[in-house]
There are 2 protein chains.
Amino acid sequence: MNASSLVKPCTRQRVLEAAKSLCYIPNKTARVFKSGKSHILGLVISTQHISELVLNAGFQARFKALTAKAHNEGYNMLIITSTDAEPNSYFEVIKNQVADGFIILSPSINESLTSLLEEAGIPYVFNMKYSNNPEDSYYISSDDVEGGYMAAKYLLDLNHTDIRFILGIVKGTIMPFNEDRVLGFKKALDEYGIAFKPEMIVTIPGQMEESYNLIHQLFQTQKPSALMISNETTTVAALNYFYDYGYRIPQDVSVIGFGPSEFFRHHRPNLTNVSYDITWSSDKLVDLLLQRIEGRPVALERPKKPELIIRGSTARYVQPSVLAVKEH
Amino acid sequence: MNASSLVKPCTRQRVLEAAKSLCYIPNKTARVFKSGKSHILGLVISTQHISELVLNAGFQARFKALTAKAHNEGYNMLIITSTDAEPNSYFEVIKNQVADGFIILSPSINESLTSLLEEAGIPYVFNMKYSNNPEDSYYISSDDVEGGYMAAKYLLDLNHTDIRFILGIVKGTIMPFNEDRVLGFKKALDEYGIAFKPEMIVTIPGQMEESYNLIHQLFQTQKPSALMISNETTTVAALNYFYDYGYRIPQDVSVIGFGPSEFFRHHRPNLTNVSYDITWSSDKLVDLLLQRIEGRPVALERPKKPELIIRGSTARYVQPSVLAVKEH
DNA sequence: CTGTTAGCGCTTTCAG
DNA sequence: CTGAAAGCGCTAACAG
């Protein structure tokens, strides 16, 4: 039945007919058991995280890209949910799943998880850089220093100096990729001779309501002329706030988003954004995992530079007084 | 190791210690093989469909609800992608997967698929009503006649008579749930003594660009005062069109969406929408599948009535001439 | 080219 | 309560 070349065609024919008449369906589980390959890639995520993330354009783009790539490689994606986002609980669910390898989406830095997985010989990759340990190299990163730099430089070129960089935090911590973006942000300020001030960095938990309220708070006490926003949900929350309170984009505030271009293009107003090639990085991530599964030597990928897509949410900074004069 | 009560505690202790010192991890595949239970639910979808759907708020809500419910029942979701959305190709991928049962998201009406699955004894459910055959009862439906009715009635109460009902089509066909909504739409028109005209129904493929262009076309030749839009992507496309072309919502056009309330609440303008309880129906769908998997008698669920959430995108119809007079 | 058999790692049963 | 053994359905190896 498995198209072996050792079988005479007429015999195969007879077998196939018998199979058909008996409604025989090979037992897939036994095949997986025997062959040791399930052709399943596990996507590990905490229940809380998935319920927040699924509404996030970045996650949707990643999910789509991973699923498509896995399909092309003959794999399907198993969504593995862990009740807690703790290393031990992740390890527990991982070792109880039938999958050839695991893609771990973790909101916490999990060095103890990597050692558990290594010890157990389970192939895994992380979807981004979670750890600052150079040994933990099983992830595909983007060039986030560059991303933060190019957004800030563009705003500085437009004469903005009173910029806020809004970062999502997870359990009170700034993620490594956001730290990199801040590095790029500071580098640009430095080049333009603008002093970095701590209040330029605003941390916000990534949910819609919290983001909305914190943006509201921010604009009650301060009037920055430009915002860089590091996650999609907060970007939507900020735009909703501006809509509700009559701020015009980009006349009153310039906004730069970070994330998949498609999303920002379909948004109104059209957003200028730092665009990462999610398809590319997802493909590379699956390639990396397959290399590990098959025991092939792992080829390290250089991060791909993001791209600044300029749309309608950013404009040259004009001093309010000048504007007021013009209007009268 | 499986906490059998037949084992003396001290023996168990010794076994556990030995396991630990040898870094023993039970082989999950063998367990699945032996027990015949993978605790995996397959979500079957075509590659094309998933890449469109994943950007759609309705899919995200459903995916989230299914994953959460499966998790609560001790299952994980396997995303099974089929290259073609044909019954045979669906069946092919289904029978090659390790899963205890399957949730089928199919854009086509697939009566031949159900018979293949029945014959093979594979437990399955459909995510919605795909077939008009009363025997195909393995799905959880919503009360779509009521949904179409309540949206239309609300607009009629606001004096709108020039209404368009915009329906997504798949391969040129209106899906059964949309046919039901049209039934409700017509019922409301009937009650208010308004004659149904064929041009009131506008069919549009659900993608963003096509939707945008077709809405554009529609408004170049006609000026309906109210829109009911049956899918989220088209709703976003229509709102983007109105934004781009300076139509004010709800002063110039009233808009009612269909789908998850959360999405429309976070949208600007806030949309009046017919809200379906996706969490409820996803829970019921998983329950139904688990009943079939476990061979328990299948309890049929009555569809739950949708709810009309009134927000800012609908207003009383005012004759343009009256408005023009007021303005001068 | 065909038919038979060992054995994957687990769970369950059964004898002691 | 413990240790031994059968067997799940398949694939691969081997003898004929």
Side-chain angles (χ1 to χ4, degrees), chain A residues 1-42 74-76 78 80 91-102 116-117 119-124 293-295, chain B residues 1-42 74-76 78 80 91-102 116-117 119-124 293-295:
Chain A
M1 291 203 66
N2 297 335
S4 161
S5 60
L6 306 173
V7 180
K8 232 195 295 186
C10 73
T11 314
R12 186 196 325 287
Q13 190 60 33
R14 277 173 49 220
V15 171
L16 256 29
E17 270 163 26
K20 186 148 201 181
S21 75
L22 295 166
C23 282
Y24 168 76
I25 292 181
N27 180 312
K28 179 64 181 162
T29 313
R31 280 188 167 169
V32 168
F33 172 53
K34 176 72 187 175
S35 71
K37 306 225 76 249
S38 62
H39 287 273
I40 290 175
L41 301 181
Y75 285 79
N76 284 301
L78 176 66
I80 302 170
F91 184 64
E92 209 57 37
V93 295
I94 287 173
K95 75 181 170 62
N96 279 313
Q97 283 312 135
V98 176
D100 296 337
F102 298 86
L116 284 168
L117 292 168
E119 216 167 275
I122 297 173
Y124 67 89
I293 289 171
E294 290 159 16
Chain B
M1 291 203 70
N2 297 334
S4 160
S5 58
L6 305 175
V7 181
K8 232 194 298 185
C10 73
T11 313
R12 188 195 326 285
Q13 190 59 31
R14 277 171 52 219
V15 171
L16 256 28
E17 269 164 25
K20 186 147 200 182
S21 75
L22 295 165
C23 282
Y24 168 76
I25 292 180
N27 179 314
K28 180 64 182 170
T29 314
R31 281 189 167 168
V32 168
F33 170 53
K34 176 69 188 180
S35 70
K37 306 226 73 247
S38 62
H39 287 274
I40 290 175
L41 301 181
Y75 285 78
N76 284 300
L78 177 66
I80 302 170
F91 185 64
E92 209 56 38
V93 295
I94 287 172
K95 74 181 170 62
N96 279 311
Q97 283 312 134
V98 177
D100 297 335
F102 297 86
L116 283 168
L117 292 168
E119 217 168 275
I122 296 174
Y124 67 89
I293 288 172
E294 291 159 16

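Note on naming: letters A, B, ... go to the chains in the order of the sequence lines (proteins, then strands), and numbering restarts at 1 for each one.
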Partner residues of B:Leu116 under the side chain to side chain contact (heavy atoms under 4.5 Å, CB included) criterion, sequence neighbours left out
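Once residues adjacent in sequence are excluded, the partners of B:Leu116 under the side chain to side chain contact (heavy atoms under 4.5 Å, CB included) criterion are B:Asn88, B:Phe91.
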What integer distance in Å separates A:Arg14:CZ from C:dT2:C1'?
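Answer to the nearest Å: 10 Å.
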Non-neighbouring partners of A:Glu294 that pass side-chain hydrogen bond (donor to acceptor under 3.5 Å, both in side chains), sequence neighbours left out
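Testing A:Glu294 for side-chain hydrogen bond (donor to acceptor under 3.5 Å, both in side chains), a comparison that skips the adjacent residues, returns A:Arg296.
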Considering residues at least two apart in sequence or located in another chain, which fulfil the side-chain hydrogen bond (donor to acceptor under 3.5 Å, both in side chains) criterion with B:Lys95?
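B:Lys95 satisfies side-chain hydrogen bond (donor to acceptor under 3.5 Å, both in side chains) with B:Glu92 once adjacent residues are dropped.
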Return all side-chain donor-acceptor pairs below 3.5 angstrom for residues 22-31 of chain B, not counting sequence neighbours, or 'none' if the list is empty.
residue: B:Asn27; atom: OD1; partner: B:Thr29; partner atom: N; Å: 2.8
residue: B:Asn27; atom: OD1; partner: B:Ala30; partner atom: N; Å: 2.8
residue: B:Lys28; atom: NZ; partner: A:Asn96; partner atom: O; Å: 3.4
residue: B:Arg31; atom: NH2; partner: B:Asn2; partner atom: OD1; Å: 3.1

Report, one pair per line, the protein and nucleotides 7-10 of chain D atoms (nitrogen or oxygen only) whose separation is under 3.5 Å.
residue: D:dG7; atom: N2; partner: B:Lys34; partner atom: NZ; Å: 2.9
residue: D:dC10; atom: OP1; partner: A:Tyr24; partner atom: OH; Å: 2.9
residue: D:dC10; atom: OP1; partner: A:Asn27; partner atom: N; Å: 2.4
residue: D:dC10; atom: OP2; partner: A:Tyr24; partner atom: OH; Å: 3.2

For A:Glu119, all residues meeting salt bridge (charged side-chain N to carboxylate O under 4.0 Å, His left out), sequence neighbours excluded
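A:Glu119 satisfies salt bridge (charged side-chain N to carboxylate O under 4.0 Å, His left out) with no residue once adjacent residues are dropped.
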